Amino acid sequence: MFTAQALPLSAPRALAEPLVIDVGLVGPGKVGSALLGQLRQAMPRLLRDCRLQLRLRAVSDSRHMWLDCDDDALNGRVHGAQTWRPAALDDFAAYVGGRGGHVAVIADCSASDGVADRYADWLAAGIHIVTPNKRAGSGPLERWRRIVGASHASGARLHYEGTVGAGLPVVQTLRDLLDTGDELVAIEGMLSGTLAWLFNRFDGSQPFSTLVREAHALGYTEPDPRDDLSGMDVARKLVILAREAGLPLSLGDVAVESLVPAELAGGPVADFMEQLDRLDAPMAARLRDGGVLRHVARLENGRATVGLRVLDPAHAFAHARLSDNVIRFATRRYCDNALVVQGPGAGPDVTAAAVFTDLLRVAGALGVKRCAC
């Protein structure tokens, strides 16, 4: 059990000496590896221009953790770092936060509920968290309340911009609107890069199954395309935004339309891929003359829905490109013309950049000036 022992949290200040931030990374997969690369590239500039010294202290995957790892062996992803041992999240956090006087940040780039279970203890101990892991923000409501409460009590920051829209400023935009006194009326969005790509291409000229197979081959879908087609990933993002707006929403409160027939929802991925043609007739029936199909999430009057909608070709979502995410915030201020955030909503590089930006937000709150570059 990780014992919460609060680290000293410095107040914002002018920095004579560099601010040292010890970083621990959980989940060195595609996003985590991209983040490691971005950190390596930026470290010299941040130290020179911003007086910010980032030190990679530890990295953990689901089985192993590497400690004392500011060395080329780990950074090159070779299993020869200075200290290797079986993964133990409590020991990992204690190590990252174990140097008194230094700021500690854990970047959770996993998709693990088990890691999210530790957030409250880590925050209570004064360890900041930056993450694209949607499990915390969309998981059990009581756990989320413990996480937020621990952050407020200790002053340790929790940032999760990368959970919605990859590198797009979605969460921060909503937070800024509400912090400045605006009132949310509705959120409407295309929140899946995979589903955006599929329905930007699907016009009836070729079977839907052909597009799914193409997206799978290109690596646009999850290894099991049902993870995308079920709509649950989009539902998680909508819950995160709802909670950011102060609504006590849970996944079970979201009406989700799955694009996967119930009889194909279980079983091996290979079997599902062999039967993809069974999606073609139902999907073709959804097309209407003069309309376009889009996968849309919506939150209004406390009601959350996720599913396919037939839209007029003049609708803003009808003109999204490739895998763009598009999020429309209708508020008291933006009532006649909704505020729109749009851009690439998937990819390890842009998601890692969102996590890196959150890390710099932590540094900024502690007095580090923004670099001029």
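Only a predicted model underlies this, so the values are computations on that prediction, with no experimental measurement involved.
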### Task
Show your reasoning for whether side chain to side chain donor-acceptor pair (under 3.5 Å) applies to R236 and T163.
CA-CA 9 Å; R236 287 188 180 279; T163 57; over 6 Å; no

Report whether [X] and [Y] are members of the same hydrophobic cluster (ILVMFWY, side-chain heavy atoms less than 4.5 Å apart, transitive linking).
X    : Y    : value
V254 : W144 : yes
L46  : V355 : yes
L322 : F202 : no
V103 : V20  : no
V326 : V296 : yes

Taking 4.0 angstrom as the limit, do [X] and [Y] come out as a salt bridge?
X    : Y    : result
R63  : D61  : no
D113 : K134 : no
D324 : R321 : no
E214 : R201 : yes
E188 : R294 : no

Of all heavy-atom pairs between [X] and [Y], which one has the smallest distance, and what is that distance?
X    : Y    : value
L238 : A304 : CD2-CB, 3.7 Å
P132 : C109 : CD-CA, 3.9 Å
A297 : L191 : CB-CD1, 3.9 Å
A34  : P348 : CB-O, 3.8 Å
V96  : A58  : CG2-CB, 4.0 Å
L174 : L184 : CD1-CD1, 4.3 Å

Compare all side-chain heavy atoms of [X] with those of [Y] and state whether any distance is below 4.5 angstrom.
X    : Y    : answer
P225 : V269 : yes
L39  : L54  : yes
V185 : C335 : no
M65  : V59  : no
Y220 : D228 : no
L287 : L293 : yes
L36  : L25  : yes
L47  : P18  : yes

Hey, could you give me the [atom1]/[atom2] distance between [X] and [Y], rounded to the nearest 0.5 Å?
X    : Y    : atom1 : atom2 : value
H295 : L259 : NE2   : CG    : 5.0 Å
I127 : I106 : CD1   : CD1   : 4.5 Å
S250 : L141 : OG    : CG    : 4.5 Å
F92  : R85  : CZ    : CZ    : 11.5 Å
N133 : D108 : CG    : CG    : 4.5 Å
R213 : T221 : CZ    : OG1   : 12.0 Å

Sidechain-backbone polar pair: [X] side chain, [Y] backbone, donor-acceptor under 3.5 Å:
X    : Y    : answer
R57  : G97  : no
S154 : A125 : no
S323 : T194 : no
R135 : S110 : no
D280 : S209 : yes
R328 : G189 : no
Q53  : D22  : no

Around atom [atom1] of [X], are there more than 12 heavy atoms of other residues, nucleotides or ligands at under 6.0 Å?
X    : atom1 : answer
Q41  : CD    : no
D271 : CG    : yes
R303 : CZ    : no

### Task
Could you please spell out the steps behind the salt bridge (Lys or Arg N to Asp or Glu O under 4.0 Å) verdict for E257 and R286?
CA-CA 13 Å; E257 175 195 5; R286 300 294 294 271; 2.6 Å; yes

#### Entry: H159 and T357: CA distance, side-chain angles, deciding distance, side chain to side chain contact (heavy atoms under 4.5 Å, CB included) verdict
CA-CA 9 Å; H159 291 291; T357 299; over 6 Å; no

### Query
Do T131 and Y119 have side-chain atoms, one donor and one acceptor, less than 3.5 Å apart?
yes

### Task
Indicate whether any N or O donor in one side chain lies under 3.5 Å from an N or O acceptor in the other, for D176 and Q172.
yes

### Message
Between E183 and R333, does the salt bridge (Lys or Arg N to Asp or Glu O under 4.0 Å) criterion hold? Intermediate values first, please.
### Response
CA-CA 8 Å; E183 298 173 9; R333 291 181 192 146; over 6 Å; no

### Task
Evaluate the side chain to side chain donor-acceptor pair (under 3.5 Å) criterion for residues S205 and D203: first the C-alpha distance (whole Å), next the side-chain angles of each, then the deciding distance (0.1 Å), finally the verdict.
CA-CA 6 Å; S205 62; D203 58 5; 2.6 Å; yes

### Task
Determine, stepwise, if the pair D358 / R361 fulfils salt bridge (Lys or Arg N to Asp or Glu O under 4.0 Å).
CA-CA 5 Å; D358 281 345; R361 284 195 178 102; 2.6 Å; yes

### Message
Aromatic contact between F199 and F208, with the criterion being ring centroids under 6.0 Å apart: yes or no?
### Response
yes

### Query
Please walk me through it: do L279 and V260 pass side chain to side chain contact (heavy atoms under 4.5 Å, CB included)?
CA-CA 8 Å; L279 276 64; V260 181; 5.8 Å; no

### Query
Do R175's NZ or CZ and the ring of Y160 fall within the cation-pi criteria of under 6.0 Å and 45°?
yes

### Message
Before you tell me yes or no, could you show the steps for V239 and L247 under side chain to side chain contact (heavy atoms under 4.5 Å, CB included), namely the whole-Å CA-CA distance, both residues' side-chain angles and the distance that decides it to 0.1 Å?
### Response
CA-CA 9 Å; V239 167; L247 299 176; over 6 Å; no

### Query
Between L241 and L249, is a side chain to side chain contact (heavy atoms under 4.5 Å, CB included) present by the stated rule, with each step listed?
CA-CA 9 Å; L241 293 177; L249 204 70; over 6 Å; no

